[in-house]
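The structure appears right after this line, and notes come after that.
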Amino acid sequence: MTSTAVAGGQVLDASNPAVARVRQLICGPEYSQDGWSRCWEEGVTPWDLGQPTPAVVQLAKSGTLPSGDAATVLVPGCGAGYDVVALSGPGRFVVGLDISESAVAKAKQWSAADGSLFAFVAADFFTWEPPELFDLIFDYTFFCAFHPSMRPAWAKRMADLLKPSGELITLMYLAEGQEAGPPFNTTVLDYEEVLKPLGFVITCIQDNDVAVKPRQGMEKIARWKRMANPNTLNSAE
């Protein structure tokens, strides 16, 4: 099946000139800081909804996210930061991280009047060293933006940035039929193959029933926790 998913009114495959331009700017498997920055500078961001992701709004209201005692949340690849602001709240401080300074500047500009329960940082996810680890990391349209060869490093970084008792939530965009990327072809198994060796297990997975209409049927939400000893996974198999 060929993917014809839409974000912000735009098809996320090579038939869309904006997606073709993104792929031209990213230029291959490497995570190109210049490429992603140029996407934002040129306004070529077909993934950007221009508003919080509906599933994020639902999660923030669910009462199932960490809060109180200064709980901390990380949103890597936050773009313009709509989800960062939506996830923030009393007792929960959210950090939005993006490699593009242009994206972070946009996020800071529009959110300036919304309070002090969040912050935006322009840095590389793979090298950034935060002052403390996080209670929760939320990943959406981030995993699928990487060439598959980078996925083990993505998983390792998630493990490094989470507290031992922390939780990872992945809102998975399951692209299919892509000849190139981003977004790259993605399945639930792709997540499991890189997270399971690090001790992550799925505690809950479900269809994203509040996905924007063009993405319905292509997204799942998974919540992950780490086992105390990842080696127990291998010994049980």
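Everything numeric here is computed off the predicted structure, so don't read it as measured data.
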Got a second to check how far Asp135's CG is from Thr72's OG1, nearest 0.5 Å? 4.0 Å
Decide if the gap between the ring center of Phe126 and the ring center of Phe146 is smaller than 6.0 angstrom. yes
Within a radius of less than 6.0 Å around NZ of Lys163, do more than 12 heavy atoms belonging to other residues, nucleotides or ligands occur? yes
State which residues pass side-chain contact (heavy atoms from CB on, under 4.5 Å) with Glu193; sequence neighbours excluded, sorted by chain then number. Leu189, Asp190
Is there a donor-acceptor pair closer than 3.5 Å between any side-chain N or O of Asn208 and the backbone N or O of Lys220? no
Indicate whether the side chain of Trp224 and that of Thr170 have a donor and an acceptor atom separated by less than 3.5 Å. yes
Spacing of CZ belonging to Arg223 relative to CG belonging to Leu59, to within rounding of 0.5 Å: 6.0 Å
Listed partners of Tyr191 passing ring pair (Phe, Tyr, Trp, His ring centres under 6.0 Å), at least two apart: Phe143, Trp154
So, taking the atom named OG in Ser111 and the one named NZ in Lys106, what distance separates them when rounded to the nearest 0.5 Å? 11.5 Å
Nearest 0.5 Å, what's the CD1-CZ distance between Ile137 and Phe125? 6.0 Å
Under the rule for salt bridge (charged side-chain N to carboxylate O under 4.0 Å, His left out), what residues qualify as partners of Asp209, not counting sequence neighbours? none
Please name all residues satisfying salt bridge (charged side-chain N to carboxylate O under 4.0 Å, His left out) with Lys225, sequence neighbours left out, ordered by chain then number. none
Which residues satisfy the salt bridge (charged side-chain N to carboxylate O under 4.0 Å, His left out) test with Glu129, sequence neighbours excluded? Arg157
Using the ring pair (Phe, Tyr, Trp, His ring centres under 6.0 Å) criterion, which residues pair with Phe93? Sequence neighbours excluded. none
To the nearest 0.5 Å, what is the distance between OG1 on Thr186 and CZ on Arg151? 4.0 Å
